[in-house]
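Okay, so here's the structure we're looking at.
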Amino acid sequence: MYNAAKQSPGVSVSDSNFWIQSQKPYSPEAVDLALKRWSFTSDPVEVKAILIPHELEDELKILTINLRDNEHYMGYVAEKLTVSDSSQVLVSRTIGKASSEIRLYFAAPSVHFVSDMSKNVLACHGDGDINCQVNKRASYISGQTIYGGALLANIGYTRRDSELHTEDVNLCTYYRILLGKLPDGNCKMSRDAILAAELPSAYSRFSWKGLSPRDLLCSFCRNQRLSEPLFAVNRVSCDMLTSAVSSEERGALAKSVENQCTNDVIIDKENSDIFTCEVKICSRKQEILLEYSAAHTWSKESDAIQNSALKVLIWFNDYFKQLNTKMDKLYLSNCTDSFKIHPNIFLQEFAMCLSVYSNTGCNDSGMCSSVGPFIVDTPKKQLESTATLTRIEGPDSGVFPSHGSLTSISYTASLVMKDKAKIYLLESHNEFEFEIGTGAVSNQLESCVTQLSVNQAACFIAELPPRDLILAAASEFSHELSNVSSESCFLEFSVKVLQVTEPLEDRMEKALFSPPLSKQRVEFAVQHINELHATTLVDFGCGSGSLLDSLLEHPTTLEKLVGVDISRKGLTRAAKSLHQKLSKKLLVQTTVPTAVLYDGSITDFDSRLYGFDIGTCLEVIEHMEEDQASLFGNVVLSSFRPTVLIVSTPNYEYNPILQRSAMPNKDDEVDESTGPCKFRNHDHKFEWTRAQFQCWATDLAVKHNYSVEFCGVGGSGEEPGYASQIAVLRRMARDTEEMCLNKDKDQPYELLWEWPNASIPV
């Protein structure tokens with residue numbers, strides 16, 4: 001541009017400064033118009049802007065620019081940047097939305113030009129010059145190289161309006177720009193829930209809220225100045241999968257084939273094709289830096305794209321979280337599960353990002369280029385974090401959110417000074433909807449919600465989020481809160497549960513079965529309890545105590561009920577429900593069963609539960625990894641050794657019937673993320689066919705001297721079997737010698753609640 005201007009007639013340029021000046025005089029009309037406009041004096045317009053120092057350690061500064069009608073705004077910008085005039089100021093591209101006039105203004109580095117066309121270069125006079133030092137924060141948010149201190153301001157003329165457009169830029173603006181460059185940032189902002197929302201771990205067209213995973217991934221790539229993601233959808237014939245499965249006998253080899261082909265696919269004869277999707281992320285130069293290719297298959301092309309996009313987003317999100325982990329070096333592997341990474345291209349594209357975010361102790365992006373075994377677990381890990389509730393209001397309606405349920409809440413999130421002198425409202429929603437168990441909200445918020453019934457409200461103190469998130473949510477309080485110490489405040493949520501919609505799995509079962517499968521399973525257990533005249537029962541994986549609670553409504557021979565689960569919040573709800581029911585029964589009965597709840601893993605042996613009459617494990621094993629399900633089977637039959645063990649799990653072959661019945665009418669579409677091609681619940685780690693389940697149970701029975709019979713509930717038992725398949729394992733003969741128990745050592749479970757003499761755990 002410089003050389004073109006220099007050769008143009010009627011234009012003069014400077015060899016030392018950044019300006020191009022027309023030598024033609026302004027027309028008399030233009031001069032007259034300018035004089036009339038400037039003759040009217042008005043009060044200056046104050047505009048807030050952010051000064052971003054070039055040193056990463058220096059704090060951002062809020063400046064006020066006073067604009068007057070008779071001066072061009074660039075003159076005032078030059079003044080704030082402490083340069084002689086506007087010809088010394090460079091301007092970045094617009095930042096954020098296309099309609100925005102937010103730009104970065106920075107002082108031009110000291111340069112000299114080589115006017116020879118073959119040597120058209122820009123050279124700094126010295127690297128020691130402050131204006132020649134790269135401003136990494138400003139460069140990162142703009143996607144271009146910015147030198148020295150930079151002014152982030154929203155001032156300028158739009159294409160549609162001749163009037164000067166101005167808008168304040170504060171710390172909230174800056175941190176929202178940063179948040180938008182993170183993999184989960186636009187997910188949070190599209191839901192207007194920066195503090196509450198998280199990037200979900202599973203996609204469902206019927207429960208997903210906000211921007212779709214594909215749109216989120218595209219936005220992330222644009223904000224990182226990468227090329228648009230490439231989605232390659234492949235059509236797979238179901239006939240190929242059918243022949244692959246039927247070519248082997250139902251057994252170990254068939255099980256392997258099914259795991260690879262049919263655990264993700266239910267064959268729909270009316271739609272003979274299914275889809276897979278590959279994703280490629282490329283640099284601006286179209287160099288591939290990441291490839292994703294998974295074996296998952298989907299009945300709809302759109303679902304294949306959305307689910308694959310979400311997997312890539314989750315990978316990036318996990319990677320960015322690693323940048324906040326203090327480590328000596330940053331590692332990046334060439335391959336992880338379903339991902340292929342090109343480390344050199346990847347680190348080159350994210351060099352500025354690494355230098356800004358990485359806590360590796362180096363500010364030089366060139367030092368953050370180690371390549372090694374950086375492993376990311378793609379499925380989002382949900383760590384249970386219990387919220388301690390205070391100020392609980394409203395009666396217990398008995399309707400609680402459960403895993404997979406679509407829950408609507410209202411909430412506020414406030415930053416409270418510990419001396420209670422000030423309370424800052426950061427975020428609020430009158431109606432916020434999300435699916436329980438997908439990681440769509442913070443762990444503590446979900447923990448709070450699952451402890452409340454519909455129309456109940458409570459408060460809890462949440463873990464203080466990173467400073468960046470607080471300032472991004474702070475709006476007009478951002479400047480004031482930037483000086484607040486984390487030790488002097490806490491984050492408080494106030495939450496009310498408005499509505500709960502049952503999980504899809506329950507809706508499917510209720511649409512087809514009366515009574516629902518859950519009640520049929522209880523009746524099945526009651527029948528075996530009374531046939532055996534059992535007095536003791538342990539429910540492995542009791543959750544919120546639905547089976548134990550239901551057993552109290554039936555006449556049985558039971559004298560002692562025990563529940564074991566790893567979820568403390570589920571056990572807390574079970575204790576509350578059992579306490580109420582046993583208290584009521586005691587008013588009309590002279591004797592009631594004793595009840596105990598233990599916090600622990602069902603794959604660990606506890607001697608207090610040895611030799612019970614009946615053990616139950618209903619619809620639990622599918623929530624475990626297959627190797628853990630096998631470990632449970634071995635532990636319960638070899639160590640706990642109940643007289644009878646009842647295990648139920650979904651029959652994978654029955655899923656097409658369930659999913660068709662869940663649709664209100666023929667025109668509604670099935671949600672393939674939880675229906676065809678996937679499982680009844682996205683939290684299920686597997687779902688077995690009849691052959692697979694029978695193989696699992698038979699092997700355990702033979703190994704541990706038990707007999708086994710198979711039956712089920714839901715349906716007639718004819719093809720494709722029962723909806724819920726059940727194995728009843730009976731101990732063949734009592735051991736001649738009692739198992740040698742170490743009562744002090746073999747008691748890993750924590751006693752959470754006991755009846756009588758029980759208090760409800762908090």
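Predicted model, so just to flag it, every value in this text is computed and none were measured.
In the model, S408 has no side-chain atom that pairs as donor or acceptor with a side-chain atom of Q499 under 3.5 Å. Side-chain atoms of S485 and E487 form a donor-acceptor pair, as typed in the model, at a separation below 3.5 Å. Side-chain contact, H54 with Q133: a donor N or O sits under 3.5 Å from an acceptor N or O.
To the nearest 0.5 Å, the span separating CD1 on I52 from CG on L56 amounts to 11.0 Å. Taken to the nearest 0.5 Å, the NZ atom of K136 stands 7.0 Å off from the CE atom of M352.
In this structure, the side chain of D58 does not engage the main chain of P53 through any donor-acceptor pair within 3.5 Å. When atom types are taken as modelled, the side chain of S447 and the backbone of N443 share no donor-acceptor pair closer than 3.5 angstrom. Counting only distance, with no hydrogens or angles, the side chain of S139 and the backbone of I146 share a donor-acceptor pair below 3.5 Å. Side-chain atoms of S92 come within 3.5 Å of backbone atoms of L104 as a donor-acceptor pair (strictly under, hydrogens ignored). Between the E291 side chain and the F339 main chain, no donor and acceptor come within less than 3.5 Å of each other. Using modelled atom types, no side-chain atom of D215 and backbone atom of L211 make a donor-acceptor pair closer than 3.5 Å. Side chain of N154 to backbone of E167: no donor-acceptor contact under 3.5 angstrom is found. With Q144 contributing its side chain and R93 its backbone, the two residues share a donor-acceptor pair below 3.5 Å. A donor-acceptor distance shorter than 3.5 angstrom exists from the side chain of S478 to the backbone of S475, with no hydrogens or angles considered. At least one donor-acceptor pair under 3.5 Å links the side chain of N223 to the backbone N or O of S219.
Summarising the local packing, CG of N430 is surrounded by 12 or fewer heavy atoms from other residues, nucleotides or ligands at distances under 6.0 Å. In K285, the NZ atom is not crowded: 12 or fewer heavy atoms of neighbouring residues, nucleotides or ligands sit closer than 6.0 Å. Residue-environment remark: NZ (K280) stays at or below the threshold of 12 foreign heavy atoms within 6.0 Å. In E431, the CD atom is not crowded: 12 or fewer heavy atoms of neighbouring residues, nucleotides or ligands sit closer than 6.0 Å. By the 6.0 Å contact criterion, CZ on R103 is enclosed, its count of non-hydrogen atoms from other residues, nucleotides or ligands being greater than 12.
With a 4.5 Å cut-off on side-chain heavy atoms, Y424 and L481 count as touching. Taking 4.5 Å as the limit, every side-chain heavy atom of F460 sits out of range of all side-chain heavy atoms of T388. Under the 4.5 Å side-chain criterion, counting only non-hydrogen atoms from C-beta, T450 is in contact with I436. Using a 4.5 Å cut-off on side-chain heavy atoms (C-beta onward), K496 and Y411 make no contact. The shortest side-chain heavy-atom distance between P343 and L289 does not fall under the 4.5 Å cut-off. Side-chain contact between T166 and E46 is absent, with no heavy atoms from C-beta onward closer than 4.5 Å. Residues R205 and K300 meet the side-chain proximity criterion, which asks for heavy atoms closer than 4.5 Å. Taking the side chain as every heavy atom from C-beta outward, M189 and R176 approach each other to under 4.5 Å.
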Salt bridge (charged side-chain N to carboxylate O under 4.0 Å, His left out), that's the test. Do R222 and E228 meet it? Break it down for me. CA-CA 7 Å; R222 290 188 207 109; E228 290 287 303; 2.8 Å; yes
Should L199 and L310 be marked as a side chain to side chain contact (heavy atoms under 4.5 Å, CB included) after you check the CA-CA gap, both sets of side-chain angles, and the distance that decides it? CA-CA 9 Å; L199 182 65; L310 180 58; 4.1 Å; yes
Could you check V89 against F106 for side chain to side chain contact (heavy atoms under 4.5 Å, CB included), going step by step and ending with a plain yes or no? CA-CA 6 Å; V89 178; F106 59 102; over 6 Å; no
Worked verdict on K422 versus E480 for salt bridge (charged side-chain N to carboxylate O under 4.0 Å, His left out): CA-CA 11 Å; K422 282 191 175 182; E480 192 172 347; 2.7 Å; yes
Between K48 and T64, is the side-chain hydrogen bond (donor to acceptor under 3.5 Å, both in side chains) condition met? List the steps. CA-CA 5 Å; K48 300 292 185 184; T64 301; 2.9 Å; yes
Applying side-chain hydrogen bond (donor to acceptor under 3.5 Å, both in side chains), run through S453 and Q456 and close with a yes or a no. CA-CA 6 Å; S453 64; Q456 279 191 317; 3.1 Å; yes
Just do the ring pair (Phe, Tyr, Trp, His ring centres under 6.0 Å) check on Y319 and F346 with the steps written out, would you? CA-CA 12 Å; Y319 179 77; F346 186 98; 5.0 Å; yes
Applying side-chain hydrogen bond (donor to acceptor under 3.5 Å, both in side chains) to E287 and H342, what does each step give before you reach the verdict? CA-CA 9 Å; E287 298 171 308; H342 301 265; over 6 Å; no
Checking side chain to side chain contact (heavy atoms under 4.5 Å, CB included) for the pair N135/R137: CA distance, chi angles, key distance, verdict? CA-CA 6 Å; N135 188 323; R137 285 180 291 188; 4.0 Å; yes
Apply side-chain hydrogen bond (donor to acceptor under 3.5 Å, both in side chains) to the pair Q306 and S302, showing each step before the final yes or no. CA-CA 6 Å; Q306 298 294 357; S302 60; over 6 Å; no
Step-by-step side chain to side chain contact (heavy atoms under 4.5 Å, CB included) determination, L63 to I50: CA-CA 6 Å; L63 303 179; I50 298 290; over 6 Å; no
Under the salt bridge (charged side-chain N to carboxylate O under 4.0 Å, His left out) rule, what do E427 and K188 come out as? Steps first, then yes or no, please. CA-CA 12 Å; E427 192 170 286; K188 291 174 175 288; over 6 Å; no
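Using a 4.0 Å cut-off between charged nitrogen and carboxylate oxygen, E433 and R191 do not count as a salt-bridge pair.
Judged as a side chain to side chain contact (heavy atoms under 4.5 Å, CB included), and not counting sequence neighbours, the contacts of R467 are E59, Y175, L471, S482.
A side-chain contact (heavy atoms from CB on, under 4.5 Å) with Y73 holds for exactly one of L67, V47, I65; it is L67. The only option from T94, L152, I177, I95 that meets the side-chain contact (heavy atoms from CB on, under 4.5 Å) definition with S142 turns out to be I95.
Across all their heavy atoms, L179 and A472 have their closest contact at CD2-CB, 4.3 Å. The nearest pair of heavy atoms linking R284 to S227 is CA-OG, 3.7 Å. Minimum interatomic distance between C282 and L226 (heavy atoms only, all atoms of both residues): O-CB, 3.5 Å. Considering all non-hydrogen atoms of both residues, C187 and L216 come closest at N-CD2, 3.5 Å. Nearest approach of P401 to L452, heavy atoms of both residues: CD-O, 3.1 Å. Heavy-atom minimum distance, G149 versus L51: C-CD1, 4.5 Å.
A cation-pi arrangement is present between K181 and Y140, with the terminal nitrogen or guanidinium carbon under 6.0 Å from the aromatic centre and inside a 45° cone about the axis.
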